[in-house]
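In what follows, a single structure is set out as structure tokens and then discussed.
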Amino acid sequence: MERDICPDSVPFSSSLDKSKVLNVKPLRSLVPVFPSPHGFTTFSPPQVPPFVCTQPSGPFPPGFSPFNPFFVPPDSQQHPQTPTNQPGGFGFNHPTQTPSVPLPSFRTPPPPAARAQFAGAGNGDEGSSKKSSRNREAGINKGESVRSVTEEDACNDNRIWAAPYVSSFNMHITDAETTSNGEKQKSKSHKRVKCNQDTKLSLSAVGDIFMTFDARQRADGDRESVTHILTTFDALRRRLNQIEDAKEANPGVIRRSDLKAGAILMNKGIRTNMKRRIGFVPGVEVGDIFFFRFEMCLVGLHAPSMAGIDYMSIKFEQEEEPVALSIVSSGAYEDNVGDGDVLIYSGQGGNINRKDKQVVDQKLERGNLALERSLRRATEVRVIRGMNVGHSNSAVKVYVYDGLYQIQESWIEQGKSGFNVFKYKLVRVPGQPDAFKIWKSVQQWKEGSTTRVGVILPDLTSGAETVPVSLVNDIDDERGPAYFTYFPTLKYLKPVKSIISSFGCNCRGPCLPGDANCSCISRNGGNLPYIGTGIIVSQKSLVHECGPSCSCSANCRNRVSQTGLKVHLEVFKTKDKGWGLRSWDPIRAGAFICEYAGEVVDKIKGDEDRDQDEDDEYIFDAAHTYDSSFQWNYVSELLDEMPGDTNETDKTSLPLTISAKNVGNVARFMNHSCAPNVFWQPVLRANNNESDLHIAFYAIKHIPPMTELTYDYGIIQSETHSNNARHRRKICLCGSSKCRGGFG
DNA sequence: GCGAAATCAGTTTA
DNA sequence: CTAAACTGATTTCG
């Protein structure tokens, strides 16, 4: 029997011991792997079929024309976007669906002719709105001039069409700009200059770290650059936050590491999709999540740093009109109709949220006017839904990109203060992947108002963790993985003398970030390795946490990996990789997820019992190494900071081998990926100089709910493994364009 | 003590 | 150049 393929199906018993659950040979099945037909990174779930462009056949919704891949609207300075060249592009919710009407998101905006019925400029339309006329105040700002194309856009466009491959420059040229002393120059002219750089300017030291961006990439992003920019932003933000934390707290001083990091990246040109556009933004996928407005700004999803409506002027026939590009909904006015496909959005202005000025009626200007015109022109609007997530003590706002919507109607309503407010009803364009809907489902599962399909156990830890871990299979009939004992942390069979000092600190209360006397902080290079609630700043060879021999309190911020799970996880049956792990909650970059629990294996003894080891699919060996290209930390060059020990990434291999075969936690279900969203990190807890060493997992990037969590199993360094003929390399099923083909 | 409201500093874009 | 904007962290209020 092929033991590597066949999952051990254990008959499900309703009266099973709750401390044990069923199991499968999960993580590494030997199934043939086929090369991706696309050859690009697929960050979207692999079950999504490739887009197939069939012959269009009507009827079409009003305002839509059949898709013609060779037609470029004369006023649209965009490449004709054929679906297959979209990295990680959309798929359809229903795999069997054959699209007869192409996704509007793949197209450039339809030509004005196709929307003749919407193009009437007059006020006499008999729209579907039964409410008070939305045109009452039209014309107030009719003459408002909105630039049609930014200077930079024009410059980029010129590059694209005239000399597409000429310019290539490093994207973080610093030249005249300095960010030291908080001195910020808004040199708009400087940006223009950048477009004309033909020479490759690079700081070689940094150039190795950063990818090289050319003008086209800045104008039109792709998945890789978007990911890279977001990673760079958050790494910088975390570091700035860490620096601020260490300073003495001044009452009333508000620290905004997000603004600082954002401004630096803006100044250095580390951004993409600078060419504004209607609809699909290359490299940004429906369902992507953000924790700061600046993140959406940098990747071109939503340009304004504060305003909720992004808009630009578009030329329709002879007239130029502002149309909305994207909106950010705070959720305050969110409509509960349907499955979250409808959104009621309030217009801007009227100083609703400001007390220092008189509250007045909203006017049909700026964003409000743009939304009005988008309604008339039937252009699509990107919708980002902001939501307050998290528990009372740490409420965080998360932004979910929910894809494209169309405005169905608008009206004027009296707000609470008695003044007029514009309202817009937006309906989601069908055929896009679920995003906000997933959030709604999770919310309902938690409330208990709907039941999660396929739940086998509501909590496979039987209360061993402070949050439940669901066991779910909505794929097939398998009732669970093979028996193992759930245990939330490591089992050291005997105390091991630490080779690294780990005597505890003498702090009272929580350890304070700036405390030079805290020995634990000192061992971390002078900085607390975490910010906020359990966000790690940098990946390091070793993180020193406080431990049993410290006198600090249990709520010390240097005890992140020892305080248990924070998010609601779910062990689920994957399509082709056995069991896997994912989260109901969103996880932000750097957040602690779990540790690798299990029994610490004596390696020498392990060599003797080689036969046993070969059967163990649940070994974690700290001797594994990362892919050398893994670069997660902030780059000190962006901070005018000398590379220091706080940023060291030296990966000394540590003598720790864990087996989770018989005893373990959720980590044993995490699958491998060559393009992972989780990394591991050795953590040493202060414990009377014993080797209280653990392996902790943290998020590489923001992870939307219900996305599988994966880490890179790495390559084993040990010669005994590679020379062992019986050690078989597993074939990788991650489906990434960066897939190495195998692991182990 | 907790959730909500108020306050304040700060950045991009039109 | 300046005003405007559904920010985000922190303090105050009920």
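Per chain, numbering begins at 1; letters A, B, ... match sequence-line order.
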Rounded to whole angstroms, how far apart are CE on A:Met266 and C1' on B:dT13?
-> 10 Å

List for me each residue that meets side chain to side chain donor-acceptor pair (under 3.5 Å) alongside A:Tyr405, sequence neighbours excluded, and say none if there are none.
-> A:Arg385, A:Asp402

Counting side-chain heavy atoms from CB outward, which of C:dC6, B:dT13, B:dT12 is closest to A:Arg276?
-> B:dT13

Relative to the 5' end of DNA chain C, which residue comes earlier, A:Gly308 or A:Tyr399, by the nucleotide with the nearest heavy atom?
-> A:Gly308

Only counting residues at least two apart or in another chain, list the ones meeting side-chain contact (heavy atoms from CB on, under 4.5 Å) with A:Arg588.
-> A:Arg237, A:Phe291, A:Phe292, A:Val396, A:Ile535, A:Ala591, A:His702

Taking C:dT7, C:dA5, B:dT13 as options, the one with an atom nearest any side-chain atom of A:Arg271 is B:dT13

Roughly, in whole Å, what's the span from CG in A:Asp310 to P in C:dT7?
-> 14 Å

Interatomic distance, A:Leu371 CG vs C:dC6 P [rounded to whole Å] = 11 Å

Non-neighbouring partners of A:Ser583 that pass side chain to side chain donor-acceptor pair (under 3.5 Å), sequence neighbours left out | none

Qualifying residues under side chain to side chain donor-acceptor pair (under 3.5 Å), relative to A:Asn273, sequence neighbours excluded = A:Arg277

Interatomic distance where CD1 belongs to A:Ile309 and C1' belongs to C:dA5 [whole Å] | 10 Å

side-chain contact (heavy atoms from CB on, under 4.5 Å) against A:Arg256, all qualifying residues, sequence neighbours excluded | A:Ile254, A:Asp258, A:Leu259

side-chain contact (heavy atoms from CB on, under 4.5 Å) partners for A:Ser553, two or more places apart = A:Pro510, A:Asn555

Please, what dot-bracket string fits DNA chain C when only Watson-Crick and G-U pairs with both distances under 3.5 Å count, crossing ones use [ ] and pairs to another strand use |?
-> .||||.||||||||

Can you check the A:Phe290 CZ to C:dT7 P distance for me, whole Å?
-> 15 Å

Tell me, please, which residues at least two apart from A:Cys297 pass side-chain contact (heavy atoms from CB on, under 4.5 Å).
-> A:Met266, A:Phe294

Provide a list of protein-nucleic acid N or O atom pairs under 3.5 angstrom, restricted to nucleotides 9-13 of chain C.
| residue | atom | partner | partner atom | Å |
| --- | --- | --- | --- | --- |
| C:dT10 | OP1 | A:Arg255 | NE | 3.3 |
| C:dT10 | OP1 | A:Arg255 | NH2 | 3.0 |

Rounded to the nearest angstrom, tell me the gap between atom CZ in A:Phe294 and atom P in C:dA5.
-> 18 Å

Can you tell me how far P of C:dA4 sits from OH of A:Tyr311, to the nearest Å?
-> 12 Å

One should read off an interatomic distance between A:Ile264 CD1 and A:Tyr634 OH, to the nearest 0.5 angstrom, of 12.0 Å

Can you tell me how far the CG atom of A:Leu236 sits from the OG1 atom of A:Thr231, to the nearest 0.5 Å?
-> 12.0 Å

Separation of A:Arg366 atom CZ from C:dA4 atom C1', in whole Å?
-> 6 Å

